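Owing to the predicted nature of the structure, the values given are computational and were not obtained by experimental measurement.
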Amino acid sequence: MSYKIKSFFLLLFLFHALAWSQIKICSWNIENLGASKSEKDIAYMAQKIQDYDIVALQEVVVSEAGEQAVIALVNVLNQNGTLWDYTISNATSGNAYKAERYAFLWKPSSVQKIGNAFLEPTYVEEIEREPYLATFKYKEKEITLVNFHAKTKKMQPETEIKFFKFFPAIYPNKNLVFIGDFNCPQSHTVFFPLRKMGYESVFVNQKTSLRQKCIQNDCLASEYDNIFFNAKRFEILDKGIIPFYHDFLDIHTARTISDHVPIWVTLK
């Protein structure tokens, strides 16, 4: 076999090895996902998330309209030629006025969900909206996403986030990835215990919430949404936000979709 042919097959092997060793994950706090979203809104959301293997959603409304909106979103995704599946949590256990549901969407052709997703019960008294956990299997490897939406900044979300340092001990056999809207920047000291365990944030100094009004083309307000992963077990291949507000004439119209941009990461 000639050198050129050998080189070609080596490059082909390396390409396939890389392609089969990465998983694309997206997280989006879609504000009040329920009856307030039109069919056009749902179709637009589907367009923005269709390229990912797993999508974690926050702020699904508690009423039946929340479940219907998730189902409608999955139906639109399925119309695009790739089969999707989903799971929706029960309502979180805290203050009824602030309660919501979470959802996971995924491509069964890419990943398998292992067991049932569940609202984490250990700190249900301490965490207003307890996180939603789901384990997925990808190429014989498992990853457990901890989908979370913290209480608002003025309510001191760090008083909830501090309990995440105990999760690796509660689930010692799980490859935990904390994902969602923390209403708290990654630089906060509350994340230090996780960092000491080897966890890193995908984003640093990346704002993800939308302003009420853009200031000199700066439309992002706060560094709230993020993904925390164990750097001993995963490697970031790529990452980014989806600045969907660029698709709209003004920030007010964009905020009818959500007041947060989706974030995403490709993990190896």
Side-chain angles (χ1 to χ4, degrees), residues 21-27 29 52-58 60 85-94 99-106 108 110-151 157-184 186 188-203 225-236 263-268:
S21 64
Q22 62 189 32
I23 182 170
K24 298 180 70 175
I25 303 170
C26 177
S27 175
N29 178 343
Y52 301 93
D53 299 308
I54 306 174
V55 178
L57 299 179
Q58 302 90 45
V60 178
D85 204 347
Y86 69 95
T87 180
I88 308 173
S89 75
N90 293 325
T92 52
S93 303
E100 63 185 57
R101 296 200 276 181
Y102 301 96
F104 286 109
L105 285 57
W106 69 93
S110 299
V111 297
Q112 293 177 285
K113 184 171 70 68
I114 306 299
N116 295 323
F118 62 95
L119 288 169
E120 212 293 320
T122 308
Y123 298 104
V124 69
E125 298 296 327
E126 292 82 8
I127 300 178
E128 184 75 40
R129 293 181 287 245
E130 66 272 34
Y132 190 45
L133 275 66
T135 298
F136 297 92
K137 187 175 183 179
Y138 177 80
K139 294 297 174 184
E140 304 306 318
K141 302 292 184 180
E142 293 186 5
I143 179 173
T144 299
L145 299 183
V146 182
N147 193 359
F148 180 59
H149 183 198
K151 58 187 177 182
E158 60 271 18
T159 60
E160 300 181 319
I161 297 169
K162 68 180 182 180
F163 292 100
F164 285 166
K165 64 187 176 185
F166 301 120
F167 279 44
I170 297 173
Y171 302 100
N173 299 319
K174 300 291 188 183
N175 293 320
L176 299 178
V177 173
F178 299 89
I179 186 169
D181 175 8
F182 298 89
N183 276 315
C184 189
Q186 53 77 34
H188 196 286
T189 56
V190 72
F191 294 110
F192 284 7
L194 281 177
R195 293 189 185 282
K196 288 182 180 179
M197 297 178 197
Y199 284 82
E200 297 180 3
S201 60
V202 169
F203 300 97
D225 303 83
N226 219 318
I227 302 168
F228 292 84
F229 68 102
N230 191 329
K232 299 174 184 177
R233 300 180 180 181
F234 299 99
E235 176 187 347
I236 297 176
I263 60 174
W264 61 270
V265 65
T266 301
L267 291 177
K268 179 181 178 183

Using the side chain to side chain contact (heavy atoms under 4.5 Å, CB included) criterion, which residues pair with [X]? Sequence neighbours excluded.
X	value
A150	F148, P157, E160, N183
E200	F229, A231
K162	V190
N230	Y199, K232, R233

Decide yes or no for [X] and [Y]: does some side-chain heavy atom of the first lie under 4.5 Å from some side-chain heavy atom of the second?
X	Y	result
I114	E142	yes
W106	Y138	no
K151	T159	yes
F228	L176	no
I143	V111	no
Y102	T92	yes
V202	N226	yes

Suppose we screen for side-chain hydrogen bond (donor to acceptor under 3.5 Å, both in side chains). Which residues come up paired with [X], at least two apart in sequence or across chains?
X	value
Y171	E120
E128	none
S89	none
E130	S93

Describe, in one word, how the ring planes of F166 and F163 are oriented to each other, choosing from parallel (under 30°), tilted (30 to 60°) and perpendicular (over 60°). tilted
Give the ring-plane orientation class for F191 versus F182, where under 30° counts as parallel, over 60° as perpendicular and anything between as tilted. perpendicular
Heavy-atom closest pair, residues [X] and [Y]:
X	Y	result
L57	L105	CD1-CD1, 3.8 Å
I179	C26	CD1-O, 4.3 Å
N29	Q58	N-OE1, 3.3 Å
A91	L119	O-CD1, 3.7 Å
D53	Q22	OD2-O, 4.4 Å

Are the side chain of K165 and the backbone of F167 linked by a donor-acceptor contact shorter than 3.5 Å? no
R129: salt bridge (Lys or Arg N to Asp or Glu O under 4.0 Å) partners, not counting sequence neighbours: E100
Partner residues of K137 under the salt bridge (Lys or Arg N to Asp or Glu O under 4.0 Å) criterion, sequence neighbours left out: E140
Can you name the ring pair (Phe, Tyr, Trp, His ring centres under 6.0 Å) partners of F104, sequence neighbours left out? Y132, F136
